[in-house]
Each structure stands twice: as structure tokens, then as C-alpha cells.
Amino acid sequence: MPRNEYQNQLETLRTDVLEMSEIVQGRLEGALEAFETGNVERAEAIIEGDHEINELYLTLEQNCIELFALQQPVAGDLRFIASTFKIITDLERIGDLATNVGKHTTHVGQTRYPDIEIPEVGGYALEMLETAMTAYAEDNVAATYEVARMDEVLDTLCEEASAVVVEDLLEREAGDGTLFEDVSRVLLTLRDIERVGDHAVNVSARTLYMIENDDELIY
Amino acid sequence: MSSEMTDTTDETLIETGFSVETDRGREPTDAEGIVRSEDLSVYYGNERALEDVTIEIPENQVTAIIGPSGCGKSTFLRSINRMNDRIESCTVEGELTFHGKNVYDDDVDPVALRRKIGQVFQAPNPFPKSIYDNVAYGLRIQGRADEVDLDDAVERALKGAALWDEVEDKLDESGLDLSGGQQQRLCIARAIAPDPEVILMDEPTSALDPVAASKIEDLIDELVEEYSVIIVTHNMQQAARISDKTAVFLTGGELVEFDDTARIFENPKDDRVEDYITGKFG
């Protein structure tokens, strides 16, 4: 029956988005570890694998467009597909950020600032993304607000870590050959992690709209 | 029932003082809506087709009425200009007002009412007459052919229905020779020729191809600058495209939800409406 098929397509879309998210989360987690430990081979594999995420994004985008064109969704279905259309963009961007982290990876790893635990800060961003996707999977309003709250914590973590780097930079004297490179890699990675958090908030904002037609978190 | 009437009502509804000239270019001034029903119930024999419908139809806007077959939407439409009077078994309870005047009051002339509230039907139904006579028909039957410049009135109506450019050189040809879409616009011209305030449309594009339907939709968008349009449609995308307000009737003749169209199609309040418009019900 066409209507049943339509409902099945909606459920399949949701499942596919969750699978895309798992892939993206895995890539980011791997990139953060590679950055910390200096595993350049793993970082390169993540960079090369980004096209898979891009292709998945394009496939899901096309699925959304077909649902718009053929089913002309309204009400809850419309909000679900419209939100999904936006959420897959955020997931694709997080995939790009994982490749950025991969590009910042060197054989030395992150040894200059032992007080800064990149995987820990990044892990918090990953937890945000996981919470956001749980909200999307389960229509969980409370979880969407939780992600917004977590973003403030993440911003603080990133700011504090960046401050450590900048203070160290100001105290150093010239002549340290890799100083600027190391500082740049760490600051850029922290910025990428902070942006992952922003995308997780975007996912939550669209999910809240999807569930309750509430645009409070969209900004 | 309130007998309070606006300034125009004395002139618009009561047979003896019916005003031909209406104030065009008006702003929506009727705060209570140009058409309003309160606890309106309609029965065919013992069967209730409408159940306590309370609604205010805004002036100079397009109001869409949607719902599954048998939900009473056409019955509601016909109640507005008393087309249900022609059905012997039909009885009406409650109140339905036009400019604050109950159209079912004894002193209201249904024919005069229908001059102010015109109607366009599902299938184009031009008379087997010339294009000119089709449009002039309404004015002639109302005995107003001598009051107005008929040529001018026909031209204005055909222009208003976006048909003039296509027929100005063949006004003497039969209306039945036009295409389906042109015939429906001819019927719209016929409806607006007597200078109504409200136009009721009962699935006016359901018999037309998408291109012809699109022209009617464009026309409705223009008509609403001068008229209040109430349209029954089974095409929910059409309702979403062209209407400002949408009323959703469900089986049993119940008005379940009435709100801004964008609201209805993005986030309806009632779960039954959500289920209906997303195809899970009805």
C-alpha cells in the first residue's frame, strides 16, 4: 500500500540518519585519538574516508527531496523530513571537522601540552552529538535542551584549553622550531571540537522543532 | 440570536433595500468576520450533516475547507448562501450570519443573498448560450440589465475572471465551445458579474488539468483583493497553496480545527487533523 510504503520510507530515513551519525562519530573519535597519539596512518584513512560520508549525505539528501516531491509531506511528517534535511548537513560538516583534525595530526602527536586532553575535550563534544542523536531517535525533548546546556560547558573547556596554549606561547622565547606549528594545530583542533558542539546544538534545535514545532533553540 | 446588523446589512440582505453598489477597495473592517456561524447544525431528514459548527470567515481572504468525503464541508458551503433551501428534507439549526445578519431570518430573500454570495461549482457548467449571455445572465435574471451598462459589466467580469483576452473577439460564440479551464473561468465571470462580496467555490479545479487548475488558483489569488473566497477542496496541496485560513471538517460534520493555513499544515493542534492531512486517516 502506498501510504504504508511512505511510512516505511520515513522510518528508513530515520534509521539511515542514525547510521550516518554512528559513522561520523566513529570518524571523529578516531581522528581525535590519532591526533593525540600521532597515528598519521589512521588520520590519513579518516581523511580519505570522508568521501563515503559525503556520498551518504548526498544519498540521504536525495531521499529527502524525493519524499518532498512525491509525498508532499505536511505537519509532523513535514517537520521530520525538513529537520532531517538540515541535520544531515550538520553530520556531514562534523565529518569534515574530523578530517580537519586528521590533517592536524603529526607523527609527534600532541605532546607539547600534556595538561590538555584533546580526546577528553573532544569526547565531550561526541557525547553532545550522541545525546542529540538520541533526541532525534527517540523524540526526546529533554535531551535537546541538555545538548544546549552542554554546549556552554564545551565552550568553557575549549576556552580554558586555548588559554593554556596562548599563555605558553607568550612565555616562550623564539627559537623553538615547531612552536608555532604545534600551537596552530592545537588551537585549530580545539576550534574544530568547539564547532562539533555547535553542530550538535543545531541537530538538537532541528530535533526540537521536529518534535514540538518549537524553534527556541534555532538561532 | 443577535439581530444587530452592520451599516451595510440593512441594504445588503433585505429584499426591499438591496444595494447594488458596494464599497470596493474596502479594508477588512468586519472584526467578527464577513460570514460567521454559531452552533450551526444541518440535518438531512434525521441525519445530521453538520454538528454545532462555530466559525468566523475573514473578509478579503481565502478560506479553504478540507476534510474527507461526507464530512459536511459542501453542506456548510451551501448553508452560507442557502442553497440547501432547495433540499426539502434539509433543516438548519443555530445561526449563520452575513455581516452580522442571520441569513435564515424570515426577512432575508435567498435570491438577494445569492447576489452577494455567489457560487462556482465543481464541474464547469456554462449555459448553452453565448459567452456574453452567460456572463450577462445573472444581471438579466435579477432584472438589472437596464440598470447597468451590460457591455461594460460583461467586460469587467470577464477581465476579473482573467478570460477577457482569450474571448473578446468571440463573445457571440457558445460558452460550451471553450476549453474546460476557460469554461470554469467563464463560470467565475458569471459569478462575479452581479458584484458579490463572497464567492463560494466547491472543488472548482477538480475537473481541470494542472495547467488550467493553476490559472484558476492564480485567479483566486487576484479575486481575493475584492472578494472573500471560501473554497472546498479535496486537494490539500491546493488548500495549502492558495488559502489564508483552513477549516478542517471530519466525519460527522464536526469542525475540528480552524486556523491559519500555515499553522494547519505545519503543526495542527488536533491529532485527528494531523492524521488526516498526513494520510493516516480518512
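Protein chains get the first letters and strands the later ones, always in sequence-line order, with residue 1 at the start of each. Atom set for the values below is all heavy atoms of this structure, side chains included, hydrogens, waters and symmetry mates excluded.
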Over 12 foreign heavy atoms within 6.0 Å of CD, Gln62(A) =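 Yes.
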Is Glu120(A) atom CD crowded by more than 12 heavy atoms from other residues, nucleotides or ligands, each under 6.0 Å away?
->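 Counting neighbours around CD of Glu120(A), 12 or fewer heavy atoms of other residues, nucleotides or ligands fall under 6.0 Å, so no.
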Considering all heavy atoms, the nearest Tyr6(A)-Thr278(B) contact |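 Tyr6(A) and Thr278(B) have their closest heavy atoms at CE2-O, 4.2 Å.
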Contact summary for Gly76(A) and Glu274(B), nearest pair of heavy atoms =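 Between these two residues, the closest heavy atoms are N-OE2, 2.7 Å.
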Verify, without hydrogens or angle tests, whether Glu266(B) (side chain) and Asn213(A) (backbone) share a donor-acceptor contact under 3.5 angstrom.
->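 Side chain of Glu266(B) to backbone of Asn213(A): no pair is present.
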Pull out the residues in residues 80-99 of chain A that come under 4.5 Å of chain B, heavy atom to heavy atom, sorted by number.
->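 From residues 80-99 of chain A, none sit under 4.5 Å of chain B.
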When only heavy atoms count and the cut-off is under 4.5 Å, which of residues 9-27 of chain A reach chain B?
->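 Within residues 9-27 of chain A, no residue comes under 4.5 Å from chain B.
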Between Met236(B) and Gln72(A), is any pair of side-chain heavy atoms under 4.5 Å apart?
->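 Answer no - side chains too far apart.
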